Amino acid sequence: MNIQDIQYFRKLYALRNFSKVAKFYNVSQPAISNSIKRLEVLFDAKLMIRESSRKELLITPAGEQLFQHSIRIINEFETAKKEINRLNAKVFNLGLASVIENTYFYKIAERLNDKGLLNHIKIYESGSNSLRKSLQNGKIDVALIGSLNTEKLSEITQNDLIIQNFATSNFHIFLSKKHPLAQKRGIFFSELKNENFVLLNQNFVHLKVAQILSKANNFKLNVVLETNNVGFLMDMVSQNVGITILSEVAQNNHPGIVSIPLLDKIQPQLIASIAYRRNHYFTSEQKELLNFIASELGTEIDL
């Protein structure tokens, strides 16, 4: 099967016009017609019908079915191209969730460097939710991500991701030392009803944590700022622009910030994990690197 035939088919499905598709791809109209004929021969089914009386292009049930599969076919093809290119270049793309990077990965970077492995790694930094998508579309090979113990396994392992947990932690409230609550030894989320929040955005699991806790305590979050930059977030907290919620193991190197544990009996926990695609092929060098990272993080993976 020619992947270009599938791409022509998808565009024709959207535009319902052979001439427009030919113009879009800068090819002849017969090239598009021949492409569809090849697919119909391959699947032994009529995919489209030209309704000459109404000048319409009708999609058959077989065509509708192929369109549904075509999304995954093209995604898998593009993913394969990216992964093969990286294999040829001997590059290992590692995604790091910001909080997990600052808490866990920096501790093993020196050991990776000592073994001559660090220079084979290309690091992508983002939030856990964003990194899952990057894994699924083949942009990265492996990621150290965070998820919540309130999430169902099916949500975490969607699109055939393998998840290996290596640590869990609770969440703390981070606020400026200038804040009236800064002297407390512990705090219930219900006490934060009237507070301004500055939060990591939807690319991170922390936004969902705040939403879960506010819903459980029957109030709406007053979010004054969302960001994907942890350093900027902490600067805003130190200036008392608002308070935030982060994992208790988040590195607080800012002298103007304190972290206070949550006292709620029922609250989400952060699960730190190694994640990779189930159908990803690892070379012997990549296996060595991944096994070393897993070992340093106190877990094992079965490749």
Side-chain angles (χ1 to χ4, degrees), residues 1-89 91-93 95 122 124 126-143 145 147 151-163 202-203 275-283 286:
M1 181 176 66
N2 188 335
I3 197 67
Q4 188 67 70
D5 290 345
I6 294 292
Q7 291 171 330
Y8 288 163
F9 168 78
R10 283 184 54 76
K11 183 59 68 174
L12 192 56
Y13 182 97
L15 298 181
R16 308 294 170 104
N17 186 287
F18 280 82
S19 297
K20 290 181 180 179
V21 174
K23 184 178 180 180
F24 180 87
Y25 285 106
N26 194 27
V27 298
S28 67
Q29 185 170 325
I32 304 299
S33 298
N34 291 334
S35 179
I36 300 304
K37 287 177 182 177
R38 283 195 296 271
L39 289 175
E40 291 180 333
V41 170
L42 176 65
F43 292 106
D44 192 23
K46 197 71 176 173
L47 302 175
M48 297 177 174
I49 300 174
R50 297 195 211 201
E51 185 61 66
S52 56
S53 61
R54 292 184 293 175
K55 295 183 179 181
E56 284 185 311
L57 185 64
L58 304 178
I59 310 299
T60 68
E64 293 287 355
Q65 186 67 66
L66 178 58
F67 178 77
Q68 296 302 318
H69 287 289
S70 68
I71 301 171
R72 189 176 182 93
I73 291 169
I74 292 176
N75 286 343
E76 286 293 330
F77 177 77
E78 293 299 327
T79 296
K81 283 204 302 184
K82 293 173 187 175
E83 292 179 338
I84 291 171
N85 286 339
R86 289 201 298 275
L87 285 176
N88 291 334
V91 174
F92 186 83
N93 285 2
K122 187 173 183 179
Y124 286 81
S126 190
S128 295
N129 294 336
S130 178
L131 289 175
R132 287 184 201 172
K133 294 177 182 177
S134 294
L135 277 173
Q136 290 158 4
N137 66 29
K139 183 177 180 180
I140 57 178
D141 302 306
V142 176
I145 61 173
S147 57
E151 294 178 285
K152 296 178 182 178
L153 186 63
S154 59
E155 295 177 47
I156 301 171
T157 58
Q158 59 180 329
N159 285 10
D160 300 323
L161 295 186
I162 293 179
I163 308 289
Q202 71 278 1
N203 290 329
Y276 54 94
R277 283 168 58 89
R278 189 178 302 277
N279 63 355
H280 182 83
Y281 173 80
F282 290 98
T283 65
Q286 289 178 331

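Just so we're clear, the structure is a prediction, and the values are computed from it rather than from any experiment.
When all heavy atoms of Ser33 and Arg50 are compared, the closest pair comes out as OG-NH2, 3.3 Å. The two residues Ser70 and Ile6 have their closest heavy-atom pair at CB-CG2, 3.8 Å. Shown here for Ser19 and Gln29, the closest heavy-atom pair between the two residues is OG-OE1, 2.8 Å. The minimum heavy-atom distance linking Tyr281 with Gln286 is given by the pair O-OE1, 3.7 Å. The two residues Ala62 and Ala45 make their nearest non-hydrogen contact at CB-CB, 3.8 Å. Closest non-hydrogen pair, Ile140 versus Leu131, comes out as CD1-O, 3.7 Å.
With hydrogens and angles disregarded, a donor-acceptor distance shorter than 3.5 Å links the side chain of Arg277 to the backbone of Gln136. Side-chain atoms of Asn93 never come within 3.5 Å of backbone atoms of Asp141 as a donor-acceptor pair (strictly under, hydrogens ignored).
Gln7 contributes atom CD, which lies 13.5 Å from atom CG of Leu12 (distance to the nearest 0.5 angstrom). How far NE2 of His280 is from CG of Leu135: 9.5 Å, rounded to the nearest 0.5 Å. A distance of 9.5 Å separates CG in Asn279 from CG in Leu161, rounded to the nearest 0.5 Å. In this structure, the separation between NZ on Lys133 and CG on Asn203 is 7.0 Å, given to the nearest 0.5 Å. To the nearest 0.5 Å, atom CZ of residue Phe24 and atom NZ of residue Lys11 are 3.5 Å apart. Taken from CD in Glu76 to CD1 in Ile3, the straight-line distance is 10.5 Å, to the nearest 0.5 Å.
Contact annotation: the side chain of Val27 approaches that of Ile32 to within less than 4.5 Å [non-hydrogen atoms, C-beta and beyond]. Annotation: side chain of Asn129 is not in contact with side chain of Gln202 (no heavy-atom distance under 4.5 Å). Within the 4.5 Å cutoff, side-chain heavy atoms of Phe9 are placed close to those of Leu47.
Annotation: cation-pi pair Lys139/Tyr124 absent, no NZ/CZ under 6.0 Å from the ring centroid and within 45° of its normal. Within the cation-pi definition used here (under 6.0 Å to the ring centroid, within 45° of the axis), Arg38 does not qualify as a partner of Tyr8.
Shown here are the salt bridge (Lys or Arg N to Asp or Glu O under 4.0 Å) partners of Lys122, two or more places apart in sequence or in another chain: there are none.
When each of Ser128, Ser134, Ser126 is checked for a side chain to side chain donor-acceptor pair (under 3.5 Å) with Ser130, only Ser126 meets the rule.
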Quiz item: Where do Phe67 and Ile59 land on the side chain to side chain contact (heavy atoms under 4.5 Å, CB included) test, with the steps shown first?
Solution: CA-CA 10 Å; Phe67 178 77; Ile59 310 299; over 6 Å; no
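Applying the side-chain hydrogen bond (donor to acceptor under 3.5 Å, both in side chains) test to every pair with at least one member in residues 57-67, sequence neighbours left out, gives these pairs: Tyr13-Glu64, Gln65-His69.
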